[in-house]
Amino acid sequence: MDPTAEIESGLSAFGEDFRAQFAAASSEQDLRAARAELLGKKGRLTQLLKLMGKVPADKRRELGEAVNATKQEVEQSFEARLKELGAAARKADLEATPFDLSMPGRSPAPRGHLHPLTQVRDEILDTFRDLGFSVAWGPQVELESNNFTKLAFPPDHPATDMQDSFWVKVEGAPADARVLLRTHTSNVQVREMSRHEPPMAVVSGGAVFRRDDDVTHSPMFHQIEGFLVDENVSFAHLKGVLTAFAQRMYGEHVSVRFRPSYFPFVEPGAELDVECVFCTETTKGDCRVCKGTRWLEVLGCGMVHPAVLEHCNIDSERFTGFAFGLGVERVAMLRYGIPDIRVLFENDPRFLAQF
Ligand code: PHE
């Protein structure tokens, strides 16, 4: 075919097609794709232009103008359709069901925090740290000697019974090296006193285990242990330190009392009571927490028994000391008014989120 005629018929077909293609494009993306097919490097118009070289010189100018005119038409029609599509999209946006700006937002996931028992434990340890005690840790699986014997428990003491403690079988252990889950944190007394020379002031905290299970007793619970050994330590020092502790925990004006009590590893032994912080004018005599006694039992304490010092190779003629132990769960339950110890271990987020 004659190149001039070929270009002319190509242009006229082209002129009809592009309008149809632009009109059919229903999105900006489609429209741009159609335009590229027509005007792009491999587009139909570009192919036609390649024939231009074969057109006789006297026809070229006329034909060139026709090509340019078509090109302009395509561009104009493209712009017009682009506007149309934009307007249609905006109209659809405006007419769509509006966003409900009153809907609640999506809140970020709540931040975690330490378990309430860990918070109480750390607070108690910090209080003693402020009073000059250092912090030590002891194992939960312990030798009978560190848990009982060196603490001067007689061999037939009820705590050493199968019914009261969790004994652990250790393969290949000698028969006289019996092992159990520690029943209290007092094992740390034995370990630290055997390892260091007085003077020393140590606090420790951790899990302990007893065969007990009801609303106020769990087979696993936590204790804080503290002790101080030096020359000339007397019961007055014990009273001073524990009174300072009670005042920091329960308020500067709280009253305390020491009641005689018995633990094999102290002599004399005592229990520290703190004035009930739940009694009010109206509940006095009828308080459910202290059962009308107006006092809350807070911890066991006493002067370290000379036999314990000797078992740890400390000269009991030269050194004396005091020791105390308290339950972390009890402090937490009293503070937050938690009636059942078990909720502390169920890890229900609805409970934990309250702290
Ligand atoms: N270990 C004792 C208990 O578990 C508490 C205690 C510790 C008492 C230190 C006196 C001295 O009940």
Side-chain angles (χ1 to χ4, degrees), residues 1-123 332 336 338 342-355:
M1 205 203 217
D2 155 39
T4 311
E6 201 177 334
I7 293 179
E8 276 171 345
S9 74
L11 275 181
S12 85
F14 187 85
E16 272 164 34
D17 288 357
F18 84 78
R19 283 178 226 283
Q21 278 187 37
F22 283 176
S26 57
S27 68
E28 184 179 335
Q29 203 186 2
D30 286 352
L31 181 66
R32 289 192 187 278
R35 178 174 174 271
E37 206 180 287
L38 299 164
L39 301 185
K41 267 193 184 159
K42 289 185 181 151
R44 278 169 64 185
L45 198 65
T46 316
Q47 302 299 323
L48 284 181
L49 282 177
K50 281 185 184 157
L51 297 172
M52 212 56 139
K54 297 179 190 158
V55 173
D58 61 324
K59 292 261 173 141
R60 245 182 238 165
R61 193 190 145 98
E62 196 190 322
L63 218 47
E65 275 170 4
V67 169
N68 277 337
T70 306
K71 225 177 173 176
Q72 251 174 27
E73 258 183 89
V74 174
E75 290 293 10
Q76 276 166 8
S77 151
F78 169 80
E79 293 300 334
R81 180 68 182 142
L82 192 63
K83 259 195 196 148
E84 236 172 70
L85 286 173
R90 176 150 174 73
K91 188 160 177 265
D93 252 4
L94 288 173
E95 284 171 0
T97 319
F99 293 114
D100 183 354
L101 298 177
S102 70
M103 290 248 286
R106 249 181 275 169
S107 47
R111 275 177 78 175
H113 57 70
L114 293 176
H115 190 279
L117 285 178
T118 310
Q119 293 180 31
V120 171
R121 182 200 72 185
D122 288 350
E123 189 188 326
Y336 301 121
I338 300 167
R342 289 169 292 205
V343 298
L344 285 167
F345 305 117
E346 283 165 356
N347 287 336
D348 184 330
R350 290 169 302 179
F351 170 75
L352 294 176
Q354 295 173 42
F355 296 92

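Since the structure is predicted, the reported quantities are computational estimates derived from the model, not experimental observations.
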Within the distance-only criterion (no hydrogens, no angle test), does the side chain of H115 pair as donor or acceptor with the backbone N or O of L344 below 3.5 angstrom?
yes

Do the non-hydrogen side-chain atoms of L38 and F22 ever get within less than 4.5 Å of each other?
yes

Do you know which two heavy atoms are closest between G10 and L48, and how far apart they sit?
C-CD1, 3.7 Å

Does atom CD of E16 have more than 12 heavy-atom neighbours from other groups under 6.0 Å away?
no

Are side-chain heavy atoms of I7 and L49 found at a separation under 4.5 Å?
no

Heavy atoms only: give me the nearest M52-L63 pair and the separation to one decimal.
CE-C, 3.9 Å

Nearest atoms (heavy-atom pairs only) where T4 meets P56:
OG1-CD, 3.7 Å

Side chain to side chain contact (heavy atoms under 4.5 Å, CB included) involving R19 - partner list, sequence neighbours excluded
E73

Are E95 and K91 close enough, and set up right, to give a salt bridge (charged side-chain N to carboxylate O under 4.0 Å, His left out), and what steps lead you there?
CA-CA 6 Å; E95 284 171 0; K91 188 160 177 265; 3.7 Å; yes

For F14 and V74 the tightest heavy-atom approach is CE2-CG2, 3.6 Å

Could you check if a side-chain atom of V120 sits within less than 4.5 angstrom of a side-chain atom of Y336, using non-hydrogen atoms only?
yes

With a 3.5 Å distance limit and no angle check, can you tell me whether H113 reaches the backbone of L352 through a side-chain donor-acceptor pair?
yes

So side-chain hydrogen bond (donor to acceptor under 3.5 Å, both in side chains) across residues 38-66, not counting sequence neighbours, yields D17-R44

Return the CG to CG distance between L11 and L45, rounded to the nearest 0.5 Å.
6.5 Å

Note: L114 and Q119 closest approach over all heavy atoms is O-NE2, 2.9 Å

Check whether any side-chain heavy atom of R35 lies under 4.5 Å from a side-chain heavy atom of E75, and answer yes or no.
yes

Using a 3.5 Å distance criterion without hydrogens, assess whether the side chain of Q354 forms a donor-acceptor pair with backbone atoms of R350.
yes

How close do I338 and F355 get, counting heavy atoms only, and between which atoms?
CD1-CZ, 4.1 Å

Report yes if some heavy atom in the side chain of R32 is under 4.5 Å from a heavy atom in the side chain of F78; otherwise report no.
yes

